[in-house]
Amino acid sequence: MKKNERANLSASYNDLIAMITNPRTSIIGTYRIESVVGEGSFGKVYLAVHLLTNTKVVLKSSSRKQAVILAREIHHHRRLLHPNITRLYEMICVEDRIYLAMEYCPNGELYEYVSRQEVLDEHTTCRLFWQLCCAIKYLHTQGCVHRDLKLENIFLDKNFDVKIGDFGFSRDTDCSRRTFMSTRCGTVAYCAPEVVLGQKYIGECADIWSLGIIMYAMLVGRLPFDEDDTNLTELKIITEQPFLPETVSPSPADLLTRLLCKDYRFRPSIDQILSHPFFQDNGYHVSSIKTVKTSVKAEDKVRRRLELVGVDINQLNISISQQRCDLLYGWWLLLLEKETKKENKKSNLFYLQHSKGNSSSFHIPPSSPSLKTAEVSVTSSHPNSNKLSRSYHGHSSGNLLSTFKSWLFDSKSKHPSGTTSPSFDTVSTSSKWSKRSKNLKKRSSLENTSSTKGSDHERLSSSKHSKEAIVDSHENTAFEQSLPSTDSHSRISNLVDEKPRDLVSPTSEKNSTDNSQLPIPVSEGSLISPNFASTANSNHRPNSRRCSLSQLSSVNSSRSSLTRSYSNVSSTSSTSLVSIVSSRPSTGYGTRPAPYHLPIDRLHKNIQFPGGDSSNARINATAILTVGSTRRIPPTSSSLMYNNQNFVQEEDEPEESFTSDSSRHFSDIY
Ligand SMILES: Nc1ncnc2c1ncn2[C@@H]1O[C@H](COP(=O)(O)OP(=O)(O)OP(=O)(O)O)[C@@H](O)[C@H]1O
């Protein structure tokens with residue numbers, strides 16, 4: 001044996017030893033774990049790289065014990081394909097853990113961003129809030145409500161575009177006949193009055209209230225109702241008008257007033273919100289709503305490439321049509337995303353070339369890439385940079401993998417043309433605001449201040465018009481088959497025992513004798529047209545304009561209090577309003593060193609916990625509490641949050657069957 005051959009053998013043996021003796025898992029399925037980026041309720045969240053596409057993803061790890069809870073999240077999340085919703089690529093089930101591979105948002109949570117910036121200028125607020133509302137419109141149109149919208153569940157991608165995540169409390173709703181729900185869920189400070197009161201509520205209206213809280217936090221730098229004492233927070237949510245500083249211009253103030261209307265019946269619909277002058281005056285129109293688009297050409301290309309490397313196309317089509325979130329579906333989404341990005345770069349280059357010397361003919365819609373971003377994209381699509389990004393810095397199996405990758409990426413086979421270039425869908429809205437408020441005057445002082453802030457904000461501004469290349473399933477026949485039809489939606493709705501009712505008009509509801517429709521007991525003036533507390537109200541947090549989420553006297557209003565929430569335990573009295581205080585210590589300025597959720601013994605003492613192993617129990621910061629329901633949860637679901645607790649009551653949701661099929665054990669290196 002030659003000397004260098006022996007050296008190679010010895011090196012590969014050492015690699016093998018290093019790999020199998022390393023106590024830390026580094027490969028999960030086809031992902032290589034790089035680092036830990038956070039801690040969720042059920043486990044660590046890792047930054048990982050997809051070995052075939054080099055795409056960065058997050059891997060959310062959970063114990064198999066949480067499988068039933070996760071099923072709800074996966075069931076909703078995998079159907080959602082929108083530029084402002086994090087994409088769920090794949091679910092990897094290994095012996096005792098489940099990993100969810102999701103779109104990575106390198107700029108973290110909106111919570112941290114707002115904390116860093118203290119307050120956002122109106123232009124930035126408008127851009128982010130527009131994206132958020134577009135995502136919510138899509139969600140509601142899909143017959144789904146989020147029910148846990150908060151700054152911590154909104155992420156920012158590399159272009160500082162909004163991505164909603166965490167669908168743990170989502171549920172199906174009938175978008176044509178608003179469904180009444182009774183499960184109290186979400187985070188207290190973001191909860192609508194009707195939810196706090198334990199009344200039946202309409203999920204869409206509760207989401208819209210939470211949007212109001214988020215918009216308020218962006219503009220004012222703190223939450224409108226957030227006290228140390230949860231009961232006080234709840235009382236304020238029900239009775240008080242939020243204090244609105246003078247610095248907020250009339251137009252956003254008008255929108256905020258409408259969103260935070262105590263009576264859900266008078267809150268605007270998502271279409272009405274999107275048509276509000278606050279958006280229109282900033283150049284955001286319903287005609288510029290983005291949808292996820294991919295071309296037939298890109299799909300064909302990806303299919304052929306997968307076929308070339310031996311993937312069974314029938315199997316692939318099944319995975320796609322059932323949105324199975326398995327290995328093949330993950331490959332499909334990631335490859336398609338890459339291909340679409342490539343196409344978008346090409347079209348940006350095309351725009352760039354055609355705009356030279358003729359800039360007036362080059363129209364950039366509000367949410368499409370700016371020229372600056374497009375230039376960057378073109379530069380990075382240079383063949384050399386491509387090569388660089390494809391190079392594999394990996395394990396001993398690198399050679400095989402790179403051969404496989406070269407088959408996937410360097411296929412010379414010709415593909416049928418027929419590209420549908422990315423375009424913007426127009427969504428028509430019938431309702432218009434009757435009264436247009438004054439044009440929004442940009443507050444130059446605020447903008448100046450913000451422009452001098454940290455690099456994050458500069459990046460945000462510079463990427464104002466950037467566009468993410470995202471996969472679209474809607475042009476794909478296979479995908480189309482998989483999209484739940486209205487029928488399947490209503491079938492799912494039927495599984496929920498809360499009977500959907502028509503929301504014809506507030507008047508018709510008033511006539512109803514149902515408790516859920518009784519007017520909310522707040523002062524009459526605020527019932528219909530809530531006026532924000534006067535800015536002259538000096539008792540209420542002076543100088544709050546300058547206070548940040550983490551600095552403000554709600555000082556206590558650091559993250560710990562933000563995440564106080566209803567929990568997935570019901571009290572012994574089914575109608576009592578029970579709240580749980582997460583006693584996670586204040587973590588200071590936008591950091592989260594400790595896990596959110598502390599052991600059960602540190603909870604608010606008025607909670608009565610049914611028997612069970614408290615040491616095993618963790619409070620989900622945003623868990624569920626059912627009030628006023630006499631239903632009992634089936635035994636299988638009762639272990640959702642607390643072992644041995646039969647009091648937990650959850651709404652019936654269609655459950656995804658989680659197989660423990662060994663074929664899913666792609667890589668159990670631990
Ligand atoms: N898509 C993502 N991109 C980047 N970081 C992420 C992403 N998802 C989660 N993280 C990081 O992981 C942390 C925990 O994730 P997340 O909040 O989604 O977990 P969770 O289990 O839903 O927690 P909770 O229920 O308490 O909200 C986040 O604070 C964030 O730092």
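Partner of Y190 under the side chain to side chain contact (heavy atoms under 4.5 Å, CB included) criterion, out of L149, I213, V195, D148: I213 alone. Under the side chain to side chain contact (heavy atoms under 4.5 Å, CB included) test applied with T173, the options Q142, R147, E204 reduce to a single match, E204.
Of all heavy-atom pairs between D271 and K137, the closest is OD1-NZ, 2.6 Å. K60 and V45 make their closest contact through CG-CG2, 3.7 Å (heavy atoms, listed as atom of the first residue, atom of the second, distance). Smallest separation of non-hydrogen atoms from C134 and N84: CB-OD1, 4.4 Å. The heavy-atom pair separating D207 from H140 by the smallest distance is OD2-NE2, 2.9 Å.
Under the 4.5 Å side-chain criterion, counting only non-hydrogen atoms from C-beta, H76 is in contact with D172. Side chains of I289 and Y138 form no contact here, defined as non-hydrogen atoms less than 4.5 Å apart. For the pair L128 and Y113, the minimum side-chain heavy-atom distance is below 4.5 Å.
To the nearest 0.5 angstrom, Y111 atom OH is 13.5 Å from I154 atom CD1. Rounding to the nearest 0.5 angstrom, the gap separating the CG atom in L256 from the SG atom in C261 is 12.5 Å. Here the OG-CG distance, from S62 to L70, works out to 4.0 Å after rounding to the nearest 0.5 Å. The distance from atom CZ of R184 to atom CG of L197, rounded to the nearest 0.5 Å, is 8.5 Å. Atom CG of residue D281 and atom SG of residue C126 lie 8.5 Å apart, to the nearest 0.5 angstrom.
In this structure T86 satisfies the side chain to side chain donor-acceptor pair (under 3.5 Å) test together with H77, sequence neighbours excluded. With sequence neighbours excluded, the residues satisfying side chain to side chain contact (heavy atoms under 4.5 Å, CB included) with T125 are L120, M215, M218, L219. With sequence neighbours excluded, no residue forms a ring pair (Phe, Tyr, Trp, His ring centres under 6.0 Å) with F129.
In this structure, H285 has its ring center at least 6.0 angstrom away from the ring center of F279.
Counted by atom type alone, D226 and T233 present zero donor-acceptor pairs between their side chains at under 3.5 Å.
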